[in-house]
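Working notes for the structure below.
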Number of protein chains: 2
Amino acid sequence: MTSANRPLLLSNVRLADAHHGHDRQLVSVSVVGARIEAIGPNVAAPPDAIVEDGGGALLLPGFVEGHTHLDKTLWGRDWYVNEVGPNLTDRIANEREFRKSTGYDAGEQSLALSRAFLAAGTTRLRTHVDVDTDAGLRYLEGVLDTRDTLADVLDMQIVAFPQSGMLIRPGTDELLGNALAAGADVLGALDPALIDGDPVGSLDATFALAERYGKPIDIHLHEPGEIGAFTLKLLLDRVEALGMQGRVVVSHAFCLGALPEPTALLERVARLRVALLTSAPPSRPVPPLKRCRELGITILGGNDGIRDTWTPYGVPDMLERAMLIGMRYDLRRDDDLAVAFDCVSAAAASGCGFADYGLQPGARADLVLVDAQTVAHAVVARPARKLVMANGRIVARDGVLTNGV
Amino acid sequence: MTSANRPLLLSNVRLADAHHGHDRQLVSVSVVGARIEAIGPNVAAPPDAIVEDGGGALLLPGFVEGHTHLDKTLWGRDWYVNEVGPNLTDRIANEREFRKSTGYDAGEQSLALSRAFLAAGTTRLRTHVDVDTDAGLRYLEGVLDTRDTLADVLDMQIVAFPQSGMLIRPGTDELLGNALAAGADVLGALDPALIDGDPVGSLDATFALAERYGKPIDIHLHEPGEIGAFTLKLLLDRVEALGMQGRVVVSHAFCLGALPEPTALLERVARLRVALLTSAPPSRPVPPLKRCRELGITILGGNDGIRDTWTPYGVPDMLERAMLIGMRYDLRRDDDLAVAFDCVSAAAASGCGFADYGLQPGARADLVLVDAQTVAHAVVARPARKLVMANGRIVARDGVLTNGV
């Protein structure tokens with residue numbers, strides 16, 4: 001990868017506008033160092049700039065993956081024939097055994113999937129990484145290597161995640177602490193009641209660890225209906241008592257899609273600035289997207305696992321995830337599809353805490369060009385990425401990483 | 001398009017086998033005229049045959065679209081900015097007005113979408129076509145032109161569909177009769193209670209028309225829960241009384257996904273050989289796929305509308321539809337993903353009544369080659385179609401129609 005980058009003028013691109021169809025003005029973007037310097041119809045080329053003609057393509061900000069599992073993926077490997085049982089615990093045990101017995105290399109696999117994300121326009125990404133008493137920090141080390149390798153172009157947050165449970169596997173809490181000390185940015189957690197078996201004890205341990213290491217929390221909460229709501233209330237109590245407002249993401253939160261009257265709970269989620277993450281699974285209840293946004297809750301999108309021993313589905317393409325979010329919530333109008341796109345762009349950056357995001361001057365220069373007439377069109381058609389710029393560098397053209405990345 | 005085709009040997013292809021991963025034997029397929037003559041490891045080239053090397057790709061039967069609306073699509077046109085209201089009646093009225101005011105050309109549009117279906121491997125297709133008192137048979141005429149144009153390669157069934165209601169728009173029943181006389185293969189119907197306002201009257205009129213013209217029925221039943229179940233029971237009564245067993249498809253059937261105990265109703269559906277069609281919408285209840293299959297019900301898949309004034313979603317790719325079916329029903333195992341594929345192949349052919357379907361000798365030579373290791377892999381990865389053969393002719397390579405189609 002080249003080290004310094006010359007200033008660049010990306011000319012002849014169109015800005016999205018959900019309300020005015022496809023008669024929008026052409027603009028240019030000047031990029032100096034890793035930042036957008038200016039954007040608009042009459043932007044001059046910076047001195048010594050390379051000029052890149054955007055050919056009238058639609059300009060989007062780099063995409064944000066809010067929740068994936070880089071350390072589980074089988075992306076690029078031979079097809080894995082899935083014969084796994086139907087329960088969460090079947091999947092957890094099967095995967096632990098698979099990775100142990102095959103010498104699965106989380107470094108190689110996370111790098112393959114990260115590169116595919118980047119080629120498809122994702123420039124910021126939050127990944128959970130399993131930490132357990134079988135594997136210790138082995139997967140974390142692999143993903144840390146990938147983060148180092150791609151540090152100049154892919155902004156990656158790592159969540160230390162107790163996939164096999166925490167309280168039920170003694171020693172896991174210490175490993176999670178070690179993971180945070182070794183470079184993980186966020187403390188993960190998993191189903192305090194239905195996996196760990198002790199919602200109060202599990203949440204107390206999680207919040208204590210987060211406090212000790214000064215880290216935010218991102219919890220997988222699959223617990224359904226009333227039990228999920230019970231756990232969520234316990235979690236909100238601790239956010240409030242410990243001053244963790246704005247520092248907690250609840251991933252999945254299926255319970256919020258299944259309660260007859262979730263409003264009071266949602267209002268409290270909003271007040272405590274807890275963000276919600278959804279992969280918009282079509283076979284599970286999901287938090288009410290529009291109601292959440294009306295209440296001011298940040299709700300972000302993510303793929304969850306991509307082609308692993310859990311699930312054969314998924315591609316590292318946030319436009320496809322936005323499409324699936326749109327379909328799950330039956331979003332058909334252009335202004336509604338812009339909401340689906342927000343879930344994998346600005347809202348995801350906000351929920352994860354990625355700074356300097358967007359298309360305004362001063363933002364990190366993460367840009368994607370696609371041949372589409374509107375954002376809605378880009379979401380449903382998922383066209384090839386003509387150009388991807390990350391942190392001020394052109395990293396991919398026509399879906400293929402450029403030399404050096 | 002060339003008129004006669006030389007015999008062909010498609011060599012070096014692999015057959016799908018959900019149970020044995022990717023160590024399957026290579027086979028060849030000989031095609032004479034429009035038919036598969038032989039398939040197996042030691043098939044000889046017929047006299048004067050062209051030999052086509054499949055390069056070890058996976059061989060699939062041509063895909064079957066069980067339910068689409070060729071006469072509504074905006075495929076290939078400028079992006080339509082959707083600002084339509086949320087109700088079924090909003091969408092019906094908006095579309096009727098849109099097509100009326102824009103001079104929408106159902107011939108041109110249905111041809112564009114049919115060609116895209118073919119390039120992506122669909123060789124049999126059932127389309128509903130709107131018949132109403134504003135447009136008369138105008139859309140039908142356009143789709144009939146498309147059917148004629150592609151008659152040598154695409155096997156198309158047309159359903160005469162009262163999209164704006166039948167009883168509530170007097171004169172529609174006569175137009176439906178005219179449509180059947182003019183070449184429509186199947187009589188359509190729409191929500192006898194919630195659109196037509198008279199479930200008994202509407203169903204009686206539909207079955208009377210079907211009987212008069214000797215045609216099967218394919219009804220859109222969006223009616224939810226108990227009202228849908230009520231209408232469905234009335235429909236089954238008429239199937240039984242009029243001897244229409246095996247000649248009725250119920251499309252959508254959301255009600256069957258929302259009843260607390262659907263078994264008795266499903267058993268009756270099975271007994272009367274009524275098939276169910278689902279697009280597997282992630283935001284609506286859906287008939288229970290596995291339970292239906294256990295009971296012997298044919299359940300088939302379809303896209304429903306593709307990029308029209310109703311919905312921005314959809315692509316003419318039955319592998320993607322199979323993927324969406326798989327996701328909707330949370331099918332993760334390889335043997336379950338083979339069921340999702342069945343919904344857009346053999347089960348769809350069976351439900352629609354397309355004859356001579358499959359990969360056995362004597363079947364119509366409709367073949368698709370993809371670079372995938374298994375059927376499950378093909379469904380989730382949706383790889384480019386290396387080769388499509390329809391009715392014994394090569395019609396597309398690498399996703400692009402060949403000269404003459």
Side-chain angles (χ1 to χ4, degrees), chain A residues 17-23 58 74-75 77-86 90-91 94 279-284 286 289 305-315 320 323-337 340 372-382, chain B residues 17-23 58 74-75 77-86 90-91 94 279-284 286 289 305-315 320 323-337 340 372-382:
Chain A
D17 177 346
H19 301 294
H20 293 97
H22 34 77
D23 284 329
L58 183 68
L74 305 171
W75 191 256
R77 289 170 62 123
D78 268 356
W79 182 250
Y80 173 77
V81 176
N82 185 317
E83 296 175 323
V84 186
D90 297 332
R91 291 172 180 150
N94 174 71
S279 64
S283 62
R284 301 299 295 265
V286 286
L289 176 64
I306 293 176
R307 204 175 293 179
D308 52 34
T309 66
W310 290 64
T311 176
Y313 299 104
V315 285
E320 182 152 310
M323 179 188 82
L324 294 170
I325 292 169
M327 293 177 81
R328 179 65 184 88
Y329 288 102
D330 199 22
L331 307 177
R332 303 187 186 201
R333 294 167 51 98
D334 282 54
D335 49 7
D336 285 336
L337 276 164
Q373 293 182 297
T374 65
V375 168
H377 186 196
V379 167
V380 302
R382 301 153 280 157
Chain B
D17 178 347
H19 301 293
H20 293 96
H22 34 78
D23 284 328
L58 183 68
L74 305 172
W75 191 256
R77 290 171 61 123
D78 269 355
W79 182 251
Y80 173 76
V81 176
N82 185 317
E83 297 175 321
V84 186
D90 296 333
R91 291 171 180 151
N94 173 71
S279 64
S283 62
R284 301 299 295 266
V286 286
L289 175 65
I306 293 177
R307 204 173 295 177
D308 53 32
T309 67
W310 290 63
T311 175
Y313 300 104
V315 286
E320 181 152 312
M323 179 188 82
L324 294 170
I325 291 169
M327 293 177 82
R328 179 66 183 88
Y329 288 102
D330 199 22
L331 308 176
R332 303 186 185 201
R333 292 166 53 98
D334 282 53
D335 48 8
D336 285 336
L337 275 163
Q373 293 182 298
T374 66
V375 168
H377 186 197
V379 166
V380 301
R382 300 153 281 158

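What's counted below: heavy atoms across the whole structure, side chains too, no hydrogens, waters or symmetry copies. Proteins get letters first, then strands, A, B, ... in listed order; numbering begins at 1 in each.
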Checking heavy atoms, do the side chain of [X], its backbone, both or neither come under 4.5 Å from chain B?
X	result
A/Val315	side chain
A/Leu324	side chain
A/Ala280	neither

Quiz item: Under a 4.5 Å heavy-atom cutoff, which of B/Val379, B/Asp336, B/Asp330 has the most pairs with chain A?
Solution: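 So the answer, after comparing B/Val379, B/Asp336, B/Asp330, is B/Asp330.
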Exercise. Report the option among A/Arg328, A/His377, A/Arg284 that has the most heavy-atom pairs separated by less than 4.5 Å from atoms of chain B.
Key: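 Counting heavy-atom pairs under 4.5 Å, the top option is A/His377.
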Practice problem: Keeping the roles fixed (side chain from B/Arg332, backbone from A/Thr311), state whether a donor-acceptor pair exists under 3.5 Å. | Solution: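 It does not hold such a pair.
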Can you see which heavy atom on [X] is nearest to which on [Y], and at what distance?
X	Y	answer
B/Asp334	A/Asn82	OD1-N, 2.7 Å
A/Leu337	B/Pro312	CD1-CG, 3.6 Å
B/Arg333	A/Glu83	NH1-O, 2.9 Å
B/Trp79	A/Ala376	CZ2-CB, 3.6 Å

Quiz prompt | Interatomic spacing from CD in B/Glu320 to CE in A/Met323 - rounded to 0.5 Å | solution =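 Between atom CD of B/Glu320 and atom CE of A/Met323 there are 4.5 Å.
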